[in-house]
Amino acid sequence: MENYNPKLIEAKWQKHWEEHKTFATPEDVTPENKCYILPQLPYPSGSGLHVGHAEVYTACDIYARYQRMKGKKVLQVFGLDSFGLPAENYAIKTNVHPQETIDKTTENFVSQVKALGVSVDWDRFVRSSDPGYYKFTQWFFLLMYERGLAYRKKQAVNWCESCKTVLANAQVVDGHCERCDTVVIQKEMEQWYLKITDYADKLLEGLDRIDWPAETIKRQKDWIGRSEGALIQFNVYEVGESADIRNTKSTKLRNVIEVFTTRPDTLFGATYMVLAPEGQYVQDLKDNITNWDEVEKYIEETSKKTDLDRQIEKDKTGVELKGVKAVNPANDEEIPIWIADYVIATYGTGAIMAVPAHDERDFEFAKKFGLPIREVVAKDIGDPLEGEEKSVGVYGLLERDGKVLVMYEKKNDLYRLPGGTQEENETDYETLKREFAEETGYINNMPGECKGQVGVHFLTTKSKELKHYIRKIFSVQLKNEEKVALYGEDKDIYEYIWMTREEAVSAFERNKTSNVYPHDTGEGLLVKYYFDGYDECVSEPGITINSDFLNGLTTEEAKTAIIDWLEKNGHGKRKVQYKLRDWSVSRQRFWGAPIPMLTSQKSIKSESQKFDELPDFVLNLHAWGSDPQSHFHPWISKELAEKHIVSITPLLPHPEHPKFNDWLEATQKELSKDTTNTVVTARSLSCWIALALAQTMEFRKLVLVAPSTPTKDWYIGFGREGWGDAEKEIALAFFGDKEDCLDFKKIRKNVGEIVIYLSTNDPYIPCDATKKYFEKYIPEARIIIERDAGHFDIEHGYNIFSSFLDEIMREVRPDLRPLPESDLPVILPDDVDFKPTGQSPLTYSPSFQDGVEEKYGKGWKREVDTLDTFMCSSWYFFRYLDPHNEKEFASPEALKKWMPVDFYLGGPEHVNGHLLYARFFTKVLYDAGYIDFDEPFTVHRHQGLILGPDGRKMSKRWENVINPTDVVNEFGADTMRMYEMFMGPMEEDKPWDENGVKGIKRFLDRVWNLQDRLSDNAKLDLELDRKLHHTIQKVGDDLSKLGFNTAIAKLMELVNEFYKQEKVLLTSYQSLVTLLAPFAPHISEELWSILGHKDSISLEAWSAYDEDKLTGDKLSMAVQVNGKVRASIVISIDATDDEVESMALAQPNVVKWLGGQEPKKVIYVKGRILNIVV
RNA sequence: GCCCGAAUGGCGGAAUUGGUAGACGCGCACGACUCAAAAUCGUGUUCCUUCGGGAGUGAGAGUUCGAUUCUCUCUUCGGGCACCA
């Protein structure tokens, strides 16, 4: 027998697999047997494969090989994310074109991965920087653009001065650039964004349906950051305006500040407002602000601060806006308006109502600037009658005979302290309560009876909370407004409850905190106590006080009540707010996919057009047989009104029997002379009216929902079958005998933008045919296909239609144009100086704009920014399914066959980047009808970090980097694979251990050397056979749940058992080799062929275990006396309970420990344990 | 500050629904083979011990016949978010 020589056999088998295409993707795939295994897409760095990479590919491969042996049809893939900053930065450093570098590193990286012996279908290898790939990255951008999900906007962005590029929020780590660690600054720039915020709800909802690590799901939820609350409008007045004017409720109040709050119930406690310094509101008020110089200075100071500064300096700063006041809509109280940088412009509305009593930040601010603090939520509640023995409700304290008395409630009884047993102190509850109230002026926590200063509501059922508050401070309500503070120790909380005034004061002095303000009034000590954490006041619900009609309501009740009131009185409404921001995708860099858009200097289509930010008039047209009160029309009217946009939805004549000319006339009447900034929306039949109007009038925009196509064959060619004569008659009356009669040339010239909504299951308007029709006549129209939207009717949930509202409101940009899909890909030119200047390098490419004007018209140029590489990795898992398809990103058949991914392994660092984006892309494809699932990764797991031998993160700096290829060369890929899997649980961080690698090598040597002991006629050892079947079971179970380390341990046990035998049965050894195959494929293949098999072990079936062989006829069991193990007995498997008990009692050690006593009780858990209690 | 997660021998880590804690590997010790070393094979290896036992899964309590596992409090470490209204 030769020695185990991994070098030789690994090369041999890798060649064999490649030549025999052993791991080509199977064709006979069903939804039940398909198994798509996806390792995370790596960047091919110059330093090559890292041990962390090897961990991912090995784990995926072991899983893939196991599933293959279990009979699954496995697709395992590999690719590279070769676009992006690392390659470009390296190019800049070395002055070598990134393409060259990438080709080199690709070759190196791929050969390193292949050397691990992974069972990947290499014919499906993809690389994001190849034109065949990024053509579809660009296609995805166009899809987003068409659906209104890609937009260009000027706003403050994250900018890295060193990388000279914009960064997404997820790429900013602790205020620093993820790549180069430079402090990120804010810069006003026009950038492309993807509207991922539109999908916030869907991204949140889908998390409940996927098998991902709980931690990851939570992190995505936190990142999306949904909070429910209300928008509340505060009117703003100039100081000095008379009350009369103020009271006249003018509908066109110019200055309204809207705030978002999650605690509308505290509205009565809003004693001032704060605006974000860089926000729009401040600018709007500029003319009325009398201290503008001061304000401007503050704004400037803030804008100079980086986000990092803002995070570090948490000291509150701010400036009051003099000359203006806001009015709290709840109580008509005038309150001051401030600006402060603790309010950020990008969340909510960039303005808050400040409720200092119940918000920590407002509280700090109010304290610093001496603003009034009004409590509106009483701290307490919880049912004192509920809970455990220890639950105590402290009702309050009073002073008597120089002692401070605590009233508290325990279960149903009210006690007085001190002393006395329960019985002695038992008193009539009502009497005691009354007496207590009379003496203290304190009224207990009965909802509705709370008075502002009552203060000490330490009512709680949880001893934890009680301790917490007592430890912090006891605030005691005495007569004449005097307060004392007491302190309670953690362990003996009752100790301090009884104390003299002096004791109380000194206890208080000892435990002074910054939130306690003692004043000696001369007559006594006045202590003002602010709760240490007002955050708790915010998060913990309570009873509303000081709030007029909300008094006595719980927080939840008060929220509902105040929102109802606000909505009824037009001061606000319910609102869900998200932390998630839109995703900035344009980069001023070279090494990425060019954005497939055209730009021009001209901002209008014709001489007379002028598009302001918002439309000044919206005309909505309802459908045939419909009216202005139906479907989404009422909602749209309301929303537009709230945004102060004038809109009309006229009732069109005879909606049941419409006539074209009547409708046209009726709508024309509603329009003024200048319609250039008017938006016309229409649904179904009336879309034709909208188009007809646009032949002669200029519009800002048309938004057509489920449009009938304006041909006379509409109802025959496309319409649903079985229409009766009546319908035909009406349709004819409407359309007349017109055939393609519209002048689309004029329409296209007259309208700034045309958006068309279609639904995949519209019973009247066929999606595909209508799409084709409009693509032909209005190629630049943006066609948005909505999944399962029916006829955009109320039955399909279209009483609200938010993307439609967005389209109405959206700024029209005639200076931007998407490229037609047929012109993709936009090839990245290579005649580019890629040194960063802050300008996109493509600006300087001589060839990039060649022929663009000739092809697309004068004045048009290609967009010179490139796409964030995260866009490449947001869809790569689709490309593997059909990597050579030049027409589609993947064919519908391939998508149906393999998606979603069955197992996805990747690092936890991408949770709020890639993993969110990939889900977003998938959901957009779903909504657009391309796919039938909306979550890409059914099962997802993370791998942990492999640390250096010193326990630190591997880094050149620590000189503790392990190169996987060195390990493969020295010990072989099988050893490398198994060692990485044996180190510990896959998802945990674990340090590398040189000796551990040797241990695995030793194990494989032992497996190899077992050949010496093989025999085909050795006697079958029953114990060994049972062990074998146990191992088969355990290894299979562990593999299905990725417990690689324990599976390997079990294999080692089996091998150790084999070594206890003189001879090993050939069949047993064969089973061992198949179990080993997923982990160490090369040695397994070699042994398999030595054993005489011709076929690859990779395609062998997984061993089955025999259920009957798992259990022997005897087993060993522990006997306990009083819970301590005192003996171990071997019992027969079918022994009766009595037999076992008598056997246990006969054990000498048991007899000894029983000490002659009779057992009180014997607990016998069959086959597991027997415990004797004396 | 807020929110998660973790803590087991000298080390990496096992332990099913609460049922003989320390599987497996490393390291270490001893033995066999060898002139010797390495490699290999074998034995032992939680700690204390007066060799009867005793203690023991970060600390302290609780529930239980029985707790690494469940509950509460605390400590330490790791991670995430961070003025998100």
Side-chain angles (χ1 to χ4, degrees), chain A residues 174-175 213-216 218-219 222-223 225-227 229 259-263 266 274 307 310-311 313-316 340-344 346-355 358-362 364-365 388 390 462-464 467 490-491 533 535 538-539 577-581 908 911-912 951 979 982-985 988-1000 1002-1003 1005-1006 1009 1034 1037 1043 1045-1053 1055-1056 1059-1060 1116-1129 1152 1159-1165 1167-1174:
Chain A
D174 277 340
E215 170 80 4
T216 304
K218 196 188 161 295
R219 275 176 61 190
D222 288 350
W223 188 259
R226 180 190 155 101
S227 42
V259 304
F260 173 73
T261 174
T262 53
R263 290 297 300 270
T266 60
V274 189
D307 267 5
R310 278 205 192 187
Q311 276 173 34
E313 293 171 32
K314 293 226 166 153
D315 239 17
K316 297 280 178 292
D341 63 6
Y342 81 91
V343 173
I344 53 178
T346 43
Y347 183 76
T349 62
I352 60 155
M353 65 177 206
V355 185
H358 304 289
D359 181 280
E360 203 180 352
R361 295 149 303 171
D362 297 341
E364 271 175 48
F365 192 80
E388 300 155 24
K390 270 185 295 179
K462 293 181 200 146
S463 59
K464 176 189 169 186
K467 271 194 229 164
D490 183 27
K491 290 257 166 74
D535 52 331
V538 173
S539 60
Q577 181 72 41
Y578 298 93
K579 273 202 289 195
L580 186 70
R581 313 283 167 78
V911 166
N912 293 329
Y979 175 62
F982 185 64
M983 292 168 80
E988 268 162 47
D989 297 351
K990 55 247 154 189
W992 187 273
D993 177 9
E994 288 285 356
N995 290 318
V997 185
K998 288 182 197 153
I1000 294 288
R1002 201 171 294 149
F1003 166 71
D1005 277 331
R1006 277 160 70 85
N1009 294 336
K1034 171 81 173 159
D1037 287 355
N1045 56 333
T1046 48
I1048 293 171
K1050 209 71 193 172
L1051 287 174
M1052 288 172 166
E1053 278 183 58
V1055 170
N1056 290 345
Y1059 266 87
K1060 286 180 187 156
S1116 144
M1117 197 187 79
V1119 179
Q1120 297 181 330
V1121 178
N1122 285 336
K1124 290 213 183 292
V1125 179
R1126 297 301 180 192
S1128 183
I1129 53 174
K1152 183 178 134 200
K1160 272 190 200 140
K1161 202 171 160 191
V1162 177
I1163 294 134
Y1164 177 50
V1165 181
R1168 288 204 182 266
I1169 204 154
L1170 188 132
N1171 190 9
I1172 302 163
V1173 187
V1174 288

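Labels below follow one simple rule: chain letters A, B, ... track the order of the sequence lines, proteins then strands, and each chain is numbered from 1.
Across all strands, A/Asn1056 comes closer than 4.0 Å only to sugar-phosphate atoms, never to a base (heavy-atom distances). In this structure, A/Tyr1059 reaches the sugar-phosphate backbone alone: every heavy-atom distance under 4.0 Å involves primed, P, OP1 or OP2 atoms, never a base. Within 4.0 Å of A/Asn1171, counting heavy atoms only, lies at least one base atom of the nucleic acid. Residue-level contact check: A/Met353 touches neither bases nor backbone, having no heavy atom under 4.0 Å from any strand. Among the heavy atoms of the strands lying under 4.0 Å from A/Lys218 are primed sugar atoms or P, OP1, OP2 only; no base atom is included. Contact annotation for A/Glu1053: backbone-only contact, meaning every heavy-atom pair under 4.0 Å involves sugar-phosphate atoms and none involves a base. Within the nucleic acid shown, A/Pro908 has no heavy atom closer than 4.0 Å to any nucleic acid atom. A/Gly225 comes within 4.0 angstrom of nothing in the nucleic acid, heavy atoms only. Contact annotation for A/Arg1168: base contact, defined as any heavy-atom pair under 4.0 Å involving a base atom. If you check every strand for non-hydrogen atoms under 4.0 Å, A/Asp1005 touches nothing. If you check every strand for non-hydrogen atoms under 4.0 Å, A/Val1125 touches sugar and phosphate atoms only.
Just one of A/Val1121, A/Val1119, A/Ile1129 meets the side-chain contact (heavy atoms from CB on, under 4.5 Å) condition when paired with A/Leu1170; it is A/Val1119.
Checked against B/rC65, B/rU20, B/rC4, the side chain of A/Glu215 finds its nearest nucleotide in B/rC4. Ranking B/rA85, B/rG19, B/rG12 by closeness to the A/Ile344 side chain, first place goes to B/rA85. You'll find that the side chain of A/Ser1128 is closest to B/rU20, out of B/rU20, B/rC26, B/rA85. Comparing B/rA55, B/rU20, B/rA85 by their nearest atom to the side chain of A/Lys1124 picks out B/rA55. The side chain of A/Ile1163 sits closest to B/rG19 out of B/rG19, B/rA85, B/rG52. The A/Ala1118 side chain lies nearest to B/rU20 when the options are B/rA14, B/rU20, B/rA85.
Contact annotation: the side chain of A/Met983 never approaches that of A/Asp993 to less than 4.5 Å [non-hydrogen atoms, C-beta and beyond]. Under the 4.5 Å side-chain criterion, counting only non-hydrogen atoms from C-beta, A/Val1162 is not in contact with A/Asn1171. Contact of the A/Asp362 side chain with the A/Ile352 side chain is registered, since non-hydrogen atoms from C-beta on lie closer than 4.5 Å. Using a 4.5 Å heavy-atom cutoff, the side chains of A/Thr216 and A/Pro908 are not in contact. Residues A/Val911 and A/Lys218 fail the side-chain proximity criterion, which asks for heavy atoms closer than 4.5 Å. At a threshold of 4.5 Å between non-hydrogen side-chain atoms, the residues A/Lys998 and A/Asn995 count as touching.
Between A/Tyr342 and A/Phe365, the ring-plane angle classifies as tilted under the 30° and 60° cut-offs.
The side chain of A/Arg1126 places no N or O atom within less than 4.0 Å of a non-bridging phosphate oxygen (OP1 or OP2) of B/rU20. Regarding contacts with the backbone of B/rG12, every side-chain N or O of A/Asn995 stays at 4.0 angstrom or more from both OP1 and OP2. Within the structure, a side-chain polar atom (N or O) of A/Lys1152 is placed less than 4.0 Å from OP1 or OP2 of B/rG53. Contact check, A/Arg1002 against B/rC26: a side-chain N or O comes under 4.0 Å of OP1 or OP2. Close to B/rG13, at under 4.0 Å from its OP1 or OP2, lies no side-chain N or O of A/Asn1045. Regarding contacts with the backbone of B/rG42, a side-chain N or O of A/Arg1006 is found under 4.0 angstrom from either OP1 or OP2. OP1 or OP2 of B/rA85 lies within a sub-4.0 Å distance of a side-chain N or O belonging to A/Ser227.
Nearer the 5' end of RNA chain B, as judged by each residue's closest nucleotide, is the contact made by A/Ile1129, out of A/Ile1129 and A/Trp223. For the pair A/Lys1161 and A/Lys1060, both in contact range of RNA chain B, the more 5′-proximal nearest nucleotide belongs to A/Lys1060.
What separates OH of A/Tyr342 from C1' of B/rA85 is a distance of 9 Å, to the nearest Å. The separation between A/Phe982 atom CZ and B/rA23 atom P is 12 Å, rounded to whole Å.
Partner assigned to B/rC51 is none, using Watson-Crick or G-U wobble distances below 3.5 angstrom. Pairing for B/rU40 goes to B/rA32, judged as Watson-Crick or G-U wobble with the two contacts each under 3.5 Å. When both distances must be under 3.5 Å, the Watson-Crick or G-U wobble mate of B/rG58 is B/rC74. Partner assigned to B/rC65 is B/rG19, using Watson-Crick or G-U wobble distances below 3.5 angstrom. Nucleotide B/rG12 forms a pair with B/rC24, judged by Watson-Crick or G-U wobble geometry with both contacts under 3.5 Å. Summarising the base pairing, B/rG1 is matched to B/rC81 through a Watson-Crick or G-U wobble pair whose two defining distances lie under 3.5 Å.
With hydrogens and angles left out, the side chain of A/Lys316 and the base of B/rC83 share a donor-acceptor pair within 3.5 Å.
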